[in-house]
Structure formats: structure tokens, C-alpha cells
Amino acid sequence: MRVTNEMMTSNSIAHMSDSLSKLYQLQTKAATGKDFLKASENPAKAVKNISLRSSQEALRSYTNTARVVKEWISDTEFNLQKMADLGVRAQTLILRGLNDSLDADARNDIAVELDGMLNQAISMANAKHQDNYLFAGANTTNPVPPFRRDTSGATETVVYEADIPVGIMRRDVAPGETMTMNVDGNEYFINSDFFNSFIAARDALAANDTTALAAAQTRVVDATKKLMESLTTVGVRWNSVQTSIERMEQSDIEMQSFISQNQEVNLAEVYSQIANQEMVYRSVLQVSSRANSLLNLFDVL
Amino acid sequence: MSSFAGISQALMAVLSMQRAMEVTEHNVANANTTGFHRQTAILAANTPQSTGGWVGSSSAGQIGTGVMVAEIRRFNTDFMDVRLRTESGQVARWNVQHSYLQQIETSLGESGDDSLSLRMDAFWSAWQSVSAEPAQVDLRATLLESGKQMAEAFNGRIVRLQELRRSQNLEIYQRVDEINKVSNQVAALNAEISRVVALGDSPNDYVDQRSQLLTRLSEIAGAVSFTQNDGQVLASIGGHALVVGDKSFQLTANPDPLDLSKVDITFVSDGKQLNPPSGELLGFTDVRDRVIVEQINQLNQLASMMIEKVNILHRSGYGLNDTGATPAGRDFFTGTDASTIQVNSDLNNLANIAAALRPNSAGDGELARQIAEVRSTALFMGAPPALTVTPSGGWSGGITAASAGHAVFEGINTLINGNYTVNINVTSGGASTIELLSGGTAINISANGNSSGGAALVLNFTHDAVNGNVIDLGNGLQITIDAAATGATSQDITYTATGASNPHQFDGVRVANMALEVRSAATYARDHTYVQTALNEQIKSEAGVNLDEEAANMVKFQRAYQASARMMTALDEMLNTIINGMGLVGRS
């Protein structure tokens, strides 16, 4: 092949720029720590990256929801537990009231104490979690508390004044996993006779009527049992949310490592490639300088 | 033979060597000139003389009369030049396309922190947060903001794409100017070359210049050329003559009257459109008319589907202050596509954002939950299928004037809320009019929620007498009511779309398409550059200047020149003997 001087020059330039551009790419990778900066550098990985980040974002928003649900349920459980405790204490007081050795005054004292406990129980039923009523169905921002003592009738009752039928509050606690987070206050406090059995017991004690008190005792026991059942349900929910959160936190870590693997470079690999490419570039420069030396026949003749 | 013939022979040799030396010098001088083809002085023996005749038959016959320069020849590489031009056209096209596409990719920034995908993620997450704590006003504010940012992301992308589209027009104007100038120069060179050829000379340097210009024409617009016997070339682009003899056909670039953001290139002489088969112009127009248009279409499709799906759900929900029994029916988004999508300004009152499916339920996040789930709902079809609807029984009675037809479509999300032109082709007999609800030529497709799961679009239209017709809804969707349906009063037609993908998958496909465009342009550019480089090497190897060779030639001609001069001296001395030394007979 006939070799001309222009071929030598253009060849050297081509090789130098080729080698330099490889060095540049490696340098960019090393400096940014990323395998690709634009989708076109690696379309498959770039699209995978988008979908991984999107899944991670979705997972994190599910996790946040689950945490909110967990707080709500914890608060619910706390209040239900306190109310169940009140139920148990009421049973003890009623037992004491049934003791034949007590006189009317002593029974009246117990009635006053029971009335105080009823107030405590109602205030717990009206408890709020971050300004939202826990037991008011979905109408969590009802202008008045959902439970109120109503003394207008012949016998006093506690009435429920939030939404009926009670709205359920469903939340997505994990992908494909929806959970009802609120407890139906109307069902467990009014329909179960919890408040009204307290009132019946108090009235029986005030009236010094042990027969009525014995009847009220059964009602209080049943209502407390019912409340305990709801506590079990809430406990199961809490466990389930907690498991979901733990699982999603685990997946989040895994997802993060997938994302890293997908888009980040192996620095050790890149550094050794840079060292190698540097050597190649140096030899290209040396060879070029020799090939394009000033030496030609004009100098020798 | 004249006594002085030897001197003039020596003179011819001296002059020829001088000429050959000049050619060598020309080569050395142009060693680095792009497109220069080396030349060589072809030396040939002069016409010999016969020495017969009265001098006697004992003579040796013909005698040489020295040397002359027969021709100054250019090393021709025409065959390879033609191939090189084809490759140069491809290289130029893909290089332009690659850099243009890179600009688009950079400007869309889909792999950075400003990607549309991340904006959509933020939007869905905000809905999810609202679903968890629907009464929290700050979460509603975040949702509103993320909705606005997502709408902006859509709007901004369309604006940027259209700006890029327009900016390329400047380049197109500039290239058209260049074609006109270059083709004028080729025409002028054609005239000069044919004149020189007619005189029997070879116009080497003009041919080099013209070859360079033709290569440039190939680079700009993929021009091809053919060399005629008289040395002139015919150049054409996409089958239309550009240069014929000493005449060139000028081009003009004007905004397209139908789409002012686009420039059309036509020939001034006959108004025909320029169709470049390769070259930079094809690179510009391919990106402008195909890639950008596809991106805009996909963004529009994505935006319109999001608008439709979110609005359908949002309309069925209740805001914090909505106490009525029926939903307030507020849209979340206004607009119909990526350039017009906006968050409904009614929602600046944050209580108007609907998160509940029941009135008076601040804690109900059910609707927000459903909207957040749109994230992973398969909504989007790959390509809209041709829809053929076959009536499924129940056709009876007769379609009388102004009776209503009722069609239900499930999952056809490309049918977005808006006005569609309905084309009706009556395939057999009968009256050919269908009166539309509005009484005009457009039909309003109202997208109503469907109670039995999945949103459906309900299309109401009113018939006149119909025998058979096709209702074209655009996007390749048609309702065909066949001839058997004659006389129908009302019919529910159900179609369920298949092959759907969710918003993120859909956007992923769009980003991948763009990335693959950039990548394939880079690959094509590189591949064609390899071929171009190889051809260039071959041409340089054949026609380039090798300085060592020229140095050797220089020495060769220098020595021949010196020898010829010495010959002349010798002959002079010989003549001196005759003229000054003869007939003196002892005198000195």
C-alpha cells in the first residue's frame, strides 16, 4: 500500500481523538460515580432505573401511609385499653356495692365514683388523634364531640352524634393491602351498652337497689367483654401494619441496592480501566510523534 | 539533420525537466490540500526523424529527437469519489441527527432529577398522603403543588420540543443558501472545465475543486453526480436535477402554510419539493417531522389519559366542605393535552380537593386512595386497535328520527373527553344523515363513571334513519354498526381494551424510544464514518502526496536537467571545433 503523508497525519489524529474520548468517558464515569448520565448511554438500564425509582417512591408512600395508620391504631388501642380498665374497675365497685353490709350512704359514694368513671370513659371515647376524633366514623372533624350525656329523658343516656351509618376509613398499608383503621364507636360504646350499663349501675347504687344493681352488673360484664373483643381486633391490625412496615422497610433497602447496582459504576473497575486507557493514550502519542517526525527524504538527500 | 539539432534537443530536455520539476513542486506545495489529487508529468520521446534519403541507405534509420512533456496527468479516483460522496451524505445526516437528538434528550432531562416520571411519582405519592390523612390541609397543599408541578412538567416539555423544532429552521435556511451557492460554483466550474477539455488539455485543479464541491452537496442533501464525456457533471438531489451543464437550479425555503413552525424546501423553477435522500437536511427533517412529533404525541396521549382518569374519579368525590348528597363534580385538571394541562383553579381552595366518597367525612380517604392507585392501574394501550363493534342482540324496532343510540366503551382511554368529529359512511342504501346530540357536526363524548367497576365512556348520539354506518372516533377507533342493525332503537356495545400499560410504563416507553433514537443515530454515524474513513484512506493512498516520492523525483529531474545542460555544453564545444578551429591549417 502506498502511504502518503496526509494519511499518516489524519491517522494519528483519529487515533489520538479516539483514545482521548475513551479516556474522557471513563473520567466522567469515575467523577460522577454513575454508569450513565443520559438515557441514550444505556437505554435498557435507564428505563429500568426509572421503573425502580418509581416502585421505590410508591413503596415509600405506602410505608408513610402505614406509619400513619399505625399511629392511629396505637392511639385507638390506648384509649380502648383505658376504657376496658374502667369496665373492670366498675365491676369491682359494683361487687363492693352488692355487699349486704353496706348502707345507702356508702352505696351513694360508690355511685358518685362510678359517675366520675363514666365521665372518664366518655372523654376517652371522644379522644382525638391529631385533631381527628378516633371513634366518630369517617366524620372525624365533627364540630361537636361524637359522644354526649343526654339528661333530657326520664333516665339519662349517652348518645352518639357523628355519622350514621358509621363511615369506615380504609387505607392502603401496602401494595394491594387495604385495611380499615377506625373502630366503630357507635357499635362498641352505645350498641354494646357500655355507657348505659354504667348509668344503670350508678342509678341502682344511688337508689340503694341491689336487685337492679345485680342486673346492671351482668350488663357491665358483657359490655366490657365486647370492648375486649374490639381490643383484640385492634391488636391484630396493629400487628399486621407493623409487619407490613417492616417488610416494606426491608424491600426499600433491597430496592435501593438494586438501584445502586443498576446505575452506579464499580469504581475499582473504572479506575483500573482509566489506568489502562492512560497507558494506551501515552503510547498512541509516542507512536504518533515518531510517525510524524520531521524526517523525510528531503532532509537526507 | 541540422548541425544544431543536438542543441535544440538538449534545450527541449532542459525545458521538459524544468516542467516536470514544476509539477513536483506543485505536488509538494499541495501535500496538505484537502481534495488535491497528485499530478505527474508524463514524459514521452519526441517524434523521431528518418535519416534515409540522399544521405545514403547505409544510415541506421530513424533517429530520436529527445524528450517532451506529453501530458500532465491527475491521478484519477472517480469511482471511489462517488462512493465516498454517498458515505459522506450518510455520515453528515447521522451526525446532524445525533447532535440534534442529543439536544432534545438533554433538554427533556428524563434521566435527571427533573424527569417527568419523578413528577408523576410525586403526584401519586401526594394523593397517597392525602388518602392517609385527608383532613390535613398541609398535605392537600402539597398535593396541589405536586399537581401543578406535574402539569408544568408536561407543558414545559411541549414548549421545549416546539422551540427545538423551530430552532432547526434557521439551520435549514442556512443549508439551502449553501446549496444554492455551491451549485452555482459547480455550474461555473462545469463551463470552465468543458472549455479546457475542448482545447485538449486536462483541467486537473478545476476537477479537484469541483469534486470537493460535489462532496459538500452530498453532505448537505445527498446529491449524486454523473460525469459526461465533455467533462461536465450532472448533479441531482432525490431525482431532481440540481446542476446541468453551466446551469444550476436554485432552491428556496419557505414556512409551511399549514404549519408555520415547519419550513418547506422547493425548487424555484418548478415548485417541486426537495426530497433529500440523505445528508444534513434529511437529518434535520427526520428529527423535526418524526421524532419530535412522536414525542409530542406520546406526551399528549399520556397527559390526556391522566386528565381523563383523574377527573372521572375526582368528579365523583366530596371535598371537605361538600355537604350535599350529590358530588360537586369538580375536575382536578383542566385542559385536554400536554400543552394545556393545568390544575383546576377551583382547587386553590384546598377544601375543594375531593378525597372522600361520602359527604361530611373528613376522615374518608377512599377516593384519594383510588386516585393514588391509578399509578399502577393499566390504562394505556400500546396502539389503539381498530374497533369493530358487532351488535349483540336486542336490535328491534326501527330507528326513527331522533331516537337515541347508546354505546358503552370500557377501557378505551384514548377516547378522551372532548369534541370529536364523527364521520359517517353509509355503506348501503337509505338516508345518509345522523343527527348528533348537539345538532352540529361534532359529538360530545362525556366520560361518566360506571358504577360496576372500571370507568366507561358513554357516547350518546342520535340517529336519523340509518342503514349501515361507520362512526370514526379518531385514533383509529371506529364504531361500525352493520347493515343488520337497520331499524335498531338502542343498543349497548361493549368493548374492552387489551395490551394496556400503566402511566409509568407508558412514560418509560417514551423515554426508551428517545434514548434508542439517540443511540441508533450514534451507531449509524459511527458505522458510516468507518466506511468513509476507509474510502478516504484508499483515495489518499492512490492520489495523495508522498513527500519521499517527490524528493526522489526532484533529484531525478534535477540530475536530468543538469545532464541535459552538460550535453548542451558538449555540443557547443563540438561546434566550436568546427566553427573556430577548422581551416586554419597551422595558424593559430
Side-chain angles (χ1 to χ4, degrees), chain A residues 1-7 9-11 14 36-44 46-51 53-58 60-62 64-69 72 130-133 136-142 163 167-172 175 178 182 263 296-301, chain B residues 31-32 38 101-102 105-106 110-111 115 117-118 120-122 124-125 128-129 131-133 135-136 320 356 358 360-366 369 372-373 375-376 504-505 507-509 511-512 514-519 522 533 536-537 540-542 544-552 554-555:
Chain A
M1 189 186 180
R2 187 174 171 271
V3 177
T4 63
N5 294 69
E6 212 189 336
M7 281 163 75
T9 332
S10 60
N11 232 349
F36 54 91
L37 290 178
K38 287 185 193 148
S40 60
E41 288 167 36
N42 197 331
V47 172
K48 194 176 171 199
N49 196 40
I50 290 177
S51 104
R53 281 174 77 166
S54 179
S55 311
Q56 191 186 34
E57 174 64 29
R60 286 183 178 168
S61 69
Y62 278 119
N64 285 340
T65 307
R67 291 208 179 99
V68 170
V69 171
W72 179 281
Q130 290 184 343
D131 267 349
N132 287 290
Y133 289 114
N139 192 359
T140 57
T141 52
N142 206 28
D163 62 339
I168 54 169
M169 290 161 63
R170 301 203 313 150
R171 301 288 185 260
D172 277 340
T178 310
N182 61 333
Q263 71 173 10
N296 66 35
L297 199 51
F298 280 103
D299 297 318
V300 199
L301 275 175
Chain B
N32 290 326
R38 74 186 155 119
L101 287 167
Q102 272 186 318
E105 196 187 23
T106 311
E110 300 296 9
S111 40
S115 73
S117 173
L118 290 183
M120 290 200 297
D121 280 335
W124 301 126
S125 297
Q128 175 107 37
S129 305
S131 86
E133 295 168 277
Q136 290 284 96
L320 283 177
R358 289 154 35 108
N360 291 322
S361 300
D364 182 11
E366 188 64 15
R369 197 182 66 77
E373 277 183 354
R375 180 202 321 244
S376 49
H504 288 271
Q505 288 162 339
D507 192 51
V509 170
V511 174
M514 188 67 222
L516 290 171
E517 285 286 350
V518 179
R519 208 173 162 75
T533 311
N536 242 330
E537 289 272 280
K540 277 179 190 159
S541 168
E542 176 71 21
V545 177
N546 179 325
L547 288 177
D548 293 341
E549 233 174 60
E550 301 303 331
M554 177 189 80
V555 173

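Lettering of chains follows the sequences in order, A, B, ..., and the numbering in each one begins at 1.
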Counting heavy-atom pairs under 4.5 Å with chain B, which one of [options] comes out on top?
| options | result |
| --- | --- |
| A:K38, A:M1, A:M169, A:R171 | A:R171 |
| A:A136, A:S54, A:G167 | A:S54 |
| A:T178, A:N42, A:D131, A:V300 | A:T178 |
| A:E6, A:Q130, A:K48 | A:E6 |

Is [X] close to chain B through its backbone or its side chain, or both, or neither, when contacts mean heavy atoms under 4.5 Å?
| X | value |
| --- | --- |
| A:T141 | both |
| A:S10 | side chain |
| A:S55 | neither |
| A:V68 | side chain |
| A:N142 | neither |
| A:F36 | neither |
| A:A58 | both |

Among [options], residue most engaged with chain A (heavy-atom pairs, under 4.5 Å):
| options | result |
| --- | --- |
| B:A372, B:A522, B:G544, B:S541 | B:S541 |
| B:D364, B:V545, B:V518, B:V511 | B:V545 |
| B:R519, B:R369, B:R38 | B:R369 |

Can you give me the closest heavy-atom contact between [X] and [Y], atom names plus distance?
| X | Y | value |
| --- | --- | --- |
| A:L297 | B:D548 | N-OD1, 3.0 Å |
| B:L547 | A:N5 | N-OD1, 2.8 Å |
| B:E537 | A:N11 | OE1-ND2, 3.9 Å |
| A:T4 | B:K540 | CG2-O, 3.1 Å |

* Quick one: side-chain contact (heavy atoms from CB on, under 4.5 Å) partners of B:V509, sequence neighbours excluded? -> B:N513

* **Those residues that, when tested against A:L37, pass side-chain contact (heavy atoms from CB on, under 4.5 Å) (two or more places apart)** => A:T28, A:T32, A:K34, A:E41

If I measure from the heavy atoms of chain A, does [X] come under 4.5 Å with its side chain, its backbone, both, or neither?
| X | value |
| --- | --- |
| B:S117 | side chain |
| B:L101 | neither |
| B:M554 | side chain |
| B:E517 | neither |
| B:A31 | backbone |
| B:A552 | both |

* To do: Mark yes or no for whether B:D121, through its side chain, and A:E57, through its backbone, hold a donor-acceptor pair below 3.5 Å.
  => no

* Taking atom CZ of B:R358 and atom CD1 of A:I168, what is their separation to the nearest 0.5 Å? -> 8.5 Å

* Asked: To the nearest 0.5 Å, what is the distance between CD (B:Q136) and CG (A:N132)?
  -> 7.0 Å

* To do: From the options A:D172, A:N64, A:T65, select the one residue that forms a side-chain hydrogen bond (donor to acceptor under 3.5 Å, both in side chains) with B:Q128.
  => A:T65

* To do: Check whether any side-chain heavy atom of A:R53 sits under 4.5 Å from a side-chain heavy atom of B:S115, and report yes or no.
  => no

